[in-house]
Protein chains: 2
Amino acid sequence: MLQGHINQPAFSLEVIILKMVNNAIFVYLQPESTTEKLILPSTHINVSVDKNVDAAVRRCVFERLSCDASYIEQVKTIGNATRYPQKWMVTSIYFALVFESREPQQDAWYPVSTLSQYSLAYDHLGVINSCLKRLRNKTQYTSMPLHLMPNEFTMTELQLAYECLLDTFLDKKSFRRRMLESGLLLPLARTRRGQNRPAQLYQVKLGHIIHHFSRNMHGSVKEEV
Amino acid sequence: MLQGHINQPAFSLEVIILKMVNNAIFVYLQPESTTEKLILPSTHINVSVDKNVDAAVRRCVFERLSCDASYIEQVKTIGNATRYPQKWMVTSIYFALVFESREPQQDAWYPVSTLSQYSLAYDHLGVINSCLKRLRNKTQYTSMPLHLMPNEFTMTELQLAYECLLDTFLDKKSFRRRMLESGLLLPLARTRRGQNRPAQLYQVKLGHIIHHFSRNMHGSVKEEV
DNA sequence: GCAATAGTGTCTGTCAGACACTATGAC
DNA sequence: GTCATAGTGTCTGACAGACACTATTGC
């Protein structure tokens with residue numbers, strides 16, 4: 001294992017890679033080699049390859065998924081002597097949103113709603129939960145969930161993404177109004193056809209990073225089933 | 001200078017210490033020993049003293065001001081090979097809000113509005129500005145400025161703090177409504193007397209960290225003078 | 001009384017929530 | 001026609017902004 005200078009902490013990165021498939025959020029985890037417990041993908045800075053920390057995070061994602069993250073955000077940097085045994089370690093935690101349409105089958109994707117059923121190493125369950133909390137918070141007042149969407153999507157699909165993150169129902173009219181008036185979406189000349197009225201397809205406008213709405217969105221609580 | 005392992009970046013902390021005196025924000029800066037340019041206070045983790053990164057930040061503040069920070073927040077962690085010459089360095093940037101009533105005279109406090117007149121080392125001016133931008137953003141929808149206040153304060157003093165951070169005028173009625181309805185303030189049995197009607201004194205309720213309002217506050221633009 | 005600042009009453013505007021409504025496709 | 005989902009019209013309620021008003025002190 002890499003070690004820092006004797007008097008200096010080592011530095012590592014951990015990435016919470018999230019994707020959404022069929023209105024459920026999945027996180028990418030891998031078994032720890034010795035204990036078989038699940039851990040977050042992690043890497044160290046490779047000073048001869050990585051231009052900066054963000055680049056190292058994107059490398060970490062690409063090495064595992066062979067696809068680029070739509071969005072990465074630094075959540076926090078934790079550093080103490082106790083998180084990992086016998087080592088004063090500083091770790092920057094990131095989340096990475098990716099769009100990947102493949103079904104999250106037997107491989108390394110776990111639905112975040114059922115994480116407590118698995119055995120996660122260290123404090124990784126807590127770290128994931130605090131990041132999800134942040135993502136959910138930001139979903140209330142930003143356009144962040146746009147980064148979980150495919151290239152083309154309908155308004156209903158976007159609304160389902162928001163609803164899945166917030167775990168509430170949103171009103172269709174309010175949601176459309178908010179999104180359309182934000183000017184973030186580009187209506188395409190195409191529609192998605194089904195057994196019903198065709199739905200307008202949208203794209204995220206070029207250059208979008210994140211939009212901060214001036215009011216929060218709450219929605220109505222989903223009933224317990 | 002402390003160095004990380006040959007293949008690992010070194011880790012450091014930089015702290016933007018802010019205080020408010022007479023409705024102006026001041027930042028604590030110190031001259032770099034060799035160039036006399038101004039730099040942010042900075043420290044390295046001392047693995048035998050610091051319990052965690054936050055503790056190291058508080059130590060950094062205390063060593064310089066002999067007082068505790070009211071609030072610290074990690075802004076971001078920057079890491080690359082170019083910010084400091086010849087060294088792949090990872091740095092966590094924090095801001096620390098302190099209340100200190102002493103006049104910011106000849107010593108190390110600089111009004112943030114005039115920083116461009118001074119010569120700051122490296123990218124420190126940019127780092128300070130991006131942190132201030134964040135503080136200003138959060139001032140629009142959180143109770144963060146409460147941490148810049150003394151133990152007891154009037155509603156008008158609090159409003160002036162918000163106005164100074166946002167650089168806008170706020171409506172007195174809306175501001176009072178928002179603050180009082182938030183339930184964050186404890187009215188004291190005391191008033192501040194002057195040449196006018198005495199003003200109710202308030203204290204921040206115990207346990208307050210930060211409150212997120214459901215709408216932004218904008219205010220009206222201050223006229224150019 | 002006046003000056004100064006504290007604090008209120010109340011109207012408007014904006015936007016989220018609610019929810020009934022219409023529109024357009026497949027069949 | 002029916003069913004299904006897309007999309008609209010329009011009212012309400014919460015809360016920020018505007019601004020004129022009253023209240024309480026020192027002098």
Side-chain angles (χ1 to χ4, degrees), chain A residues 22-23 137 139-143 145 152-163 165-185 187-202 211-223, chain B residues 22-23 137 139-143 152-163 166-185 187-202 211-223:
Chain A
N22 296 329
N23 306 311
N137 249 324
T139 299
Q140 287 194 350
Y141 56 89
T142 72
S143 59
E152 298 184 350
F153 52 88
T154 67
M155 192 61 83
T156 300
E157 288 161 0
L158 180 59
Q159 182 173 343
L160 286 168
Y162 268 83
E163 287 179 341
L165 286 163
L166 291 173
D167 198 35
T168 58
F169 290 120
L170 296 174
D171 182 77
K172 186 160 55 158
K173 188 65 197 290
S174 314
F175 184 80
R176 298 175 65 83
R177 197 168 41 202
R178 186 175 168 105
M179 286 301 154
L180 291 174
E181 287 173 5
S182 74
L184 300 170
L185 301 181
L188 302 175
R190 307 179 43 228
T191 54
R192 170 154 307 154
R193 306 182 84 83
Q195 303 284 87
N196 45 38
R197 175 170 170 178
Q200 175 69 55
L201 282 167
Y202 296 91
H211 176 77
H212 204 109
F213 295 98
S214 71
R215 294 197 198 174
N216 289 3
M217 193 171 228
H218 305 280
S220 54
V221 181
K222 283 187 182 170
E223 293 296 323
Chain B
N22 295 330
N23 306 310
N137 250 322
T139 298
Q140 286 193 352
Y141 56 90
T142 73
S143 58
E152 298 184 351
F153 51 88
T154 67
M155 192 61 83
T156 300
E157 287 162 0
L158 180 59
Q159 181 172 344
L160 286 168
Y162 268 84
E163 287 180 341
L166 292 173
D167 198 34
T168 58
F169 289 121
L170 297 175
D171 182 77
K172 187 164 53 160
K173 188 65 198 289
S174 314
F175 185 80
R176 297 175 66 85
R177 197 168 40 203
R178 185 176 170 106
M179 286 301 154
L180 291 175
E181 287 174 6
S182 75
L184 299 171
L185 302 182
L188 301 177
R190 306 182 42 230
T191 54
R192 171 154 306 154
R193 305 182 85 84
Q195 304 284 87
N196 46 37
R197 175 169 170 178
Q200 175 69 55
L201 281 167
Y202 295 91
H211 176 78
H212 204 108
F213 296 98
S214 72
R215 292 199 198 172
N216 290 4
M217 193 173 229
H218 304 283
S220 55
V221 182
K222 283 188 182 170
E223 294 295 322

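Everything numeric in this text was worked out from a predicted model, so none of it was measured. Letters go in sequence order (proteins before strands), and every chain restarts at 1. Both backbone and side-chain heavy atoms feed into the values below; hydrogens, waters and symmetry mates do not.
- The separation between A:Leu180 atom CG and D:dG7 atom P is 9 Å, rounded to whole Å.
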Please write out each protein N/O paired with an N/O of nucleotides 9-12 of chain D under 3.5 Å, distance rounded to 0.1 Å.
unit_1, atom_1, unit_2, atom_2, d
D:dG9, N7, A:Lys173, NZ, 2.6

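- By the side chain to side chain contact (heavy atoms under 4.5 Å, CB included) test, A:Ala161 is found to be paired with A:Met20, A:Met149, residues two or more places apart in sequence or in another chain being considered.
- If you check distances only, the side chain of B:Arg178 never reaches the base of D:dA16 with a donor-acceptor pair under 3.5 Å.
- Rounded to an integer number of Å, the gap from A:Phe169 CZ to C:dC19 C1' is 15 Å.
- Taking atom CZ of residue B:Phe213 and atom P of nucleotide D:dA16, one finds them 8 Å apart after rounding to whole Å.
- Protein atom CD of B:Gln195 is 12 Å distant from nucleotide atom P of C:dA6, rounded to whole Å.
- Using a 4.0 Å heavy-atom criterion, one finds that B:Thr154 contacts no nucleic acid atom at all.
- For A:Arg215, the side-chain atoms get nearest to C:dC15 when compared with the rest of C:dA6, C:dC15, D:dC27.
- No side-chain donor-acceptor contact under 3.5 Å links B:Glu181 to the backbone of B:Arg178.
- If you measure from atom CE of A:Met217 to atom P of D:dA14, you get 18 Å, rounded to the nearest angstrom.
- Summarising the geometry, the separation between CD on A:Gln140 and C1' on C:dG17 is reported as 14 Å, rounded to the nearest angstrom.
- DNA chain D is contacted by both A:Pro198 and B:Gly194; A:Pro198 maps to the nucleotide lying nearer its 5′ end (nearest heavy atom per residue).
- Judged by distance alone, with hydrogens and angles left aside, the side-chain atoms of A:Thr168 form a donor-acceptor pair with the main-chain N or O of A:His218 at under 3.5 Å.
- Partners of B:Leu160 under the side chain to side chain contact (heavy atoms under 4.5 Å, CB included) rule, at least two apart in sequence or in another chain, are B:Asn23, B:Thr156, B:Glu163.
- At whole-Å resolution of the value, CE in B:Met179 and P in D:dG17 are 11 Å apart.
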Are any protein N/O atoms closer than 3.5 Å to N/O atoms in nucleotides 21-23 of chain C? If there are, list each pair with its distance.
unit_1, atom_1, unit_2, atom_2, d
C:dA23, O4', A:Arg197, NH1, 3.2
C:dA23, N3, A:Arg197, NH1, 3.4

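- Proximity of a side-chain donor or acceptor of A:Gln200 to a complementary backbone N or O of A:Leu188 within less than 3.5 Å is detected.
- Residues satisfying the side chain to side chain contact (heavy atoms under 4.5 Å, CB included) criterion with A:His211, sequence neighbours excluded, are A:Ser143, A:Ser182, A:Leu184, A:Phe213.
- Contact annotation for A:Gln200: backbone-only contact, meaning every heavy-atom pair under 4.0 Å involves sugar-phosphate atoms and none involves a base.
- Residue A:Arg176 has its side chain nearest to D:dT8 when only D:dT8, C:dT14, C:dA26 are considered.
- Applying the ring pair (Phe, Tyr, Trp, His ring centres under 6.0 Å) test to B:Tyr141 and every residue at least two apart in sequence or in another chain returns A:Tyr141, A:His212, B:His212.
- For the atom pair B:Tyr162 OH and B:Thr139 OG1, the distance stands at 6.5 Å (nearest 0.5 Å).
- Of the listed nucleotides (D:dG7, D:dG17, C:dT5), D:dG7 has the atom at the smallest distance from the side chain of A:Ala199.
- For A:Arg192, the CZ atom counts as densely surrounded, since its 6.0 Å shell holds more than 12 non-hydrogen atoms of other residues, nucleotides or ligands.
- One finds the OG atom of B:Ser174 at 9.0 Å from the CD atom of B:Gln159 (value rounded to the nearest 0.5 Å).
- Separating the CD atom of A:Glu181 from the C1' atom of C:dA16 is a distance of 11 Å, rounded to the nearest angstrom.
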